[in-house]
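Scroll down for the structure; my scribbles are underneath it.
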Amino acid sequence: DDEQRDEEDARDRKRVRQVHAPAHMISSVVAMKAILLAGGKGTRLRPLTIHTPKPIVPIFDRPFLHYQLDLLKQVPEIDEVILSLNYQPRRIEEMFGDGSDSGLSIRYVVEPAPLGTGGAIRYAGEKLRESVVVFNGDVLTEIDLAAVIATHRERRARATIVLTPVDNPSAYGLVET
C-alpha cells in the first residue's frame with residue numbers, strides 16, 4: 001500500500017509540475033471572463049484590514065490584487081475581470097478604476113450581503129455565457145493558467161478545479177479524489 005501510494009504521489013507531483021511549468025499559449029482565441037472573489041473582511045489579517053480591504057493590502061509595496069491581475073493578463077483570451085466585492089468596495093474601485101491602467105477591463109459586482117463562495121460566483125456570473133476562470137481573491141500563485149485552460153479544453157471538461165497538496169489540509173478543507 002505504501003509503495004502504491006508513493007507512486008500515486010509521484011504522479012500527482014508530476015501533474016502539479018506540468019501545470020506550474022512555463023507558460024503555454026492557448027491555441028484557440030475564445031473570449032473568457034475571470035471572476036475574482038475579493039469580498040471578504042480579511043479578519044485573520046487584522047489590524048492590517050481594519051481600514052484596508054484585503055485585496056489591496058500591500059505585498060512588497062504593491063496591492064495584492066495586482067499580482068492576480070498580472071496572472072490573468074498572461075491569458076489573452078480573458079477580456080474582462082469581474083471583481084466580486086463586499087467589504088469596502090469603493091476603496092478597491094478607487095484604486096483600479098476601469099482597469100485601463102492594468103491593461104484589463106474590470107467590472108465590479110458588489111454583493112448585497114456576504115453570499116459565501118458559491119453565492120458570490122453565482123451572483124457575479126449570473127448573466128455570463130462564456131467560459132469563466134474563478135479565483136479566490138487571496139491566492140498568490142505562479143500557476144501556468146494557460147496550461148490549466150488548455151488541459152480543461154483538451155478534456156472537454158465542464159469544470160476544472162486546481163488544487164495543491166499540503167501537509168495539513170484541515171486549515172483549508174478537503175477534496176476527495
Side-chain angles (χ1 to χ4, degrees), residues 19-20 23-45 49 52-57 63-164 172-177:
V19 168
H20 289 275
H24 293 82
M25 288 305 295
I26 298 173
S27 57
S28 63
V29 179
V30 177
M32 297 181 69
K33 306 295 182 203
I35 297 175
L36 290 180
L37 303 175
K41 292 184 177 182
T43 54
R44 290 179 296 215
L45 289 178
T49 54
T52 304
K54 184 168 53 172
I56 61 172
V57 168
F64 182 81
L65 192 55
H66 273 295
Y67 295 98
Q68 291 184 311
L69 294 175
D70 288 347
L71 178 66
L72 295 173
K73 282 194 290 192
Q74 293 176 16
V75 180
E77 291 79 8
I78 296 175
D79 64 352
E80 181 181 48
V81 176
I82 301 164
L83 294 181
S84 175
L85 308 176
N86 180 265
Y87 179 64
Q88 298 185 21
R90 278 194 207 102
R91 296 280 316 276
I92 297 169
E93 289 181 56
E94 288 167 1
M95 181 166 284
F96 292 95
D98 65 2
S100 56
D101 288 346
S102 65
L104 287 167
S105 173
I106 297 177
R107 179 164 48 107
Y108 302 90
V109 175
V110 180
E111 299 172 30
L115 300 173
T117 302
I121 294 168
R122 184 174 185 173
Y123 188 74
E126 196 168 40
K127 296 177 181 163
L128 297 181
R129 298 293 169 250
E130 306 88 344
S131 294
V132 179
V133 173
V134 179
F135 268 93
N136 282 329
D138 57 0
V139 173
L140 185 60
T141 181
E142 292 182 343
I143 192 167
D144 183 348
L145 188 54
V148 171
I149 294 168
T151 300
H152 171 82
R153 288 181 177 161
E154 287 166 12
R155 294 180 180 176
R156 297 175 180 237
R158 293 193 68 185
T160 299
I161 300 174
V162 177
L163 305 170
T164 188
Y172 305 100
L174 298 171
V175 175
E176 289 187 30
T177 58

- prompt: Atom CG in L37, atom CG in L85: separation rounded to 0.5 Å?
  reply: 10.0 Å
task: For P112 and L115, work out which heavy atoms get closest and say how close.
output: CD-CD1, 4.4 Å
- prompt: Quick one: CG on L36 to CG on L65, what's the gap to the nearest 0.5 Å?
  reply: 6.0 Å
Can you give the donor-acceptor pairs under 3.5 Å from side chains of residues 117-140 to other protein atoms, not counting sequence neighbours?
residue, atom, partner, partner atom, Å
D138, OD2, K54, NZ, 3.0

Among L72, D79, I149, side-chain contact (heavy atoms from CB on, under 4.5 Å) partner for M32: I149
query: V148 and T160: side chain to side chain contact (heavy atoms under 4.5 Å, CB included), yes or no, with the steps?
result: CA-CA 8 Å; V148 171; T160 299; 4.3 Å; yes
Heavy-atom side-chain proximity of I82 to E80 below 4.5 angstrom: yes
field: Nearest non-hydrogen partners of I35 and S84, listed with the distance
entry: CG2-CB, 4.4 Å
- request: Verify, without hydrogens or angle tests, whether E93 (side chain) and G97 (backbone) share a donor-acceptor contact under 3.5 angstrom.
  value: no
- prompt: Looking at CG of L83 and CZ of R107, how far apart are the two atoms once the value is rounded to the nearest 0.5 Å?
  reply: 10.0 Å
task: Measure the spacing between NZ of K73 and CD1 of I78 and express it to the nearest 0.5 Å.
output: 12.0 Å
task: State the CE-OG distance between M95 and S102, to the nearest 0.5 angstrom.
output: 12.0 Å
- request: Over all heavy atoms of both residues, which pair between I92 and Y108 is shortest? Give the atoms and the distance, please.
  value: O-OH, 4.1 Å
- prompt: Side-chain contact, heavy-atom cut-off 4.5 Å: D98 with I106?
  reply: no
From CA spacing to verdict: side chain to side chain contact (heavy atoms under 4.5 Å, CB included), Q74, D70: CA-CA 7 Å; Q74 293 176 16; D70 288 347; 5.6 Å; no
